[in-house]
Amino acid sequence: MLRIRAIGRLCAPLLLVAACASAAASTPSPSRPAADVAVERGRDLAELRCGGCHGLGLYGESPRSPSTPFRDMRRGMTALSFQQRMENIAEGRHYDMPKIGLTAGEADDIAAYIESLELP
């Protein structure tokens with residue numbers, strides 16, 4: 001038991017430093033616009049919650065057919081229709097998707113990531 005407490009005392013400062021570094025990486029600053037931070041958060045969320053079905057990058061197919069790759073998701077949609085689709089997904093009301101439990105902010109971040117994949 002004493003050995004576990006000693007290890008905990010040694011590791012606690014390292015965990016604190018890691019948590020601060022992670023928070024700093026996802027915080028807007030003058031050199032990192034909020035839009036860039038939203039794209040990064042969206043990419044991370046997509047990898048955790050969407051990558052099992054959807055292709056997430058600029059190339060390649062989705063692992064689960066007929067799931068649309070993220071790079072093609074906004075094609076043919078207006079900004080408003082895309083926003084409505086993301087709201088439906090966040091609320092678990094998209095016809096062919098399981099409920100994935102997204103908050104409105106998380107859906108916005110994933111939408112920012114999807115929009116970042118559009119080729120000029």
Side-chain angles (χ1 to χ4, degrees):
M1 184 72 157
L2 185 57
R3 179 181 278 166
I4 292 172
R5 283 189 211 156
I7 291 172
R9 280 193 297 263
L10 292 173
C11 292
L14 296 174
L15 292 174
L16 182 61
V17 169
C20 290
S22 175
S26 63
T27 304
S29 69
S31 62
R32 296 191 67 219
D36 292 345
V37 173
V39 168
E40 288 180 24
R41 283 191 313 247
R43 182 193 62 233
D44 293 343
L45 281 165
E47 287 174 358
L48 289 172
R49 300 211 181 146
C50 310
C53 295
H54 294 278
L56 302 179
L58 288 173
Y59 306 100
E61 298 303 315
S62 293
R64 182 174 171 260
S65 181
S67 299
T68 305
F70 271 26
R71 69 179 173 278
D72 297 334
M73 201 164 285
R74 192 164 183 265
R75 188 172 290 160
M77 299 178 84
T78 66
L80 180 59
S81 64
F82 180 64
Q83 178 185 358
Q84 289 170 335
R85 166 140 327 144
M86 293 305 294
E87 288 172 4
N88 287 339
I89 290 168
E91 295 169 3
R93 296 183 296 134
H94 188 57
Y95 63 94
D96 197 29
M97 282 186 52
K99 288 185 179 186
I100 56 174
L102 292 176
T103 66
E106 289 171 333
D108 288 344
D109 290 344
I110 290 174
Y113 175 63
I114 291 170
E115 289 176 336
S116 78
L117 294 174
E118 292 181 4
L119 296 174

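Every heavy atom of this structure was used, including side-chain atoms; hydrogens, water molecules and symmetry mates were not.
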**Q.** Separation between CG of Asp108 and CD of Glu87, rounded to the nearest 0.5 Å
**A.** 8.0 Å
Q) What are the two closest heavy atoms between Gly55 and Pro63, and how far apart are they? A) N-CD, 3.8 Å
(Q) Looking at every non-hydrogen atom in both residues, tell me the closest pair between Ala46 and Tyr113 and how far apart they are. (A) CB-CD2, 4.3 Å
Q.
Ile114 and side-chain contact (heavy atoms from CB on, under 4.5 Å): which single residue from His54, Arg43, Met73 fits?
A. Met73
Q.
According to side-chain hydrogen bond (donor to acceptor under 3.5 Å, both in side chains), does anything in residues 61-72 pair up with another residue at least two apart or in another chain? List the pairs.
A. Asp72-Arg75
Q: For the pair Arg41 (side chain) and Gly105 (backbone), establish whether a donor and an acceptor sit closer than 3.5 Å, ignoring hydrogens and angles.
A: no
Q: Measure the CZ-CE distance between Arg74 and Met86 for me, rounded to the nearest 0.5 Å.
A: 11.5 Å
Q: Return the minimal non-hydrogen interatomic distance between Ser116 and Val39, and the atom names on each side.
A: OG-CG1, 3.7 Å
Q: Please check if Leu117 and Tyr59 belong to a single hydrophobic cluster, counting links between Ile, Leu, Val, Met, Phe, Trp and Tyr side chain heavy atoms closer than 4.5 Å.
A: yes
(Q) Please report the interatomic distance CG(Leu45) to OG1(Thr103), rounded to the nearest 0.5 Å. (A) 8.0 Å
Q.
How close do Phe70 and Cys50 get, counting heavy atoms only, and between which atoms?
A. CZ-CB, 3.6 Å
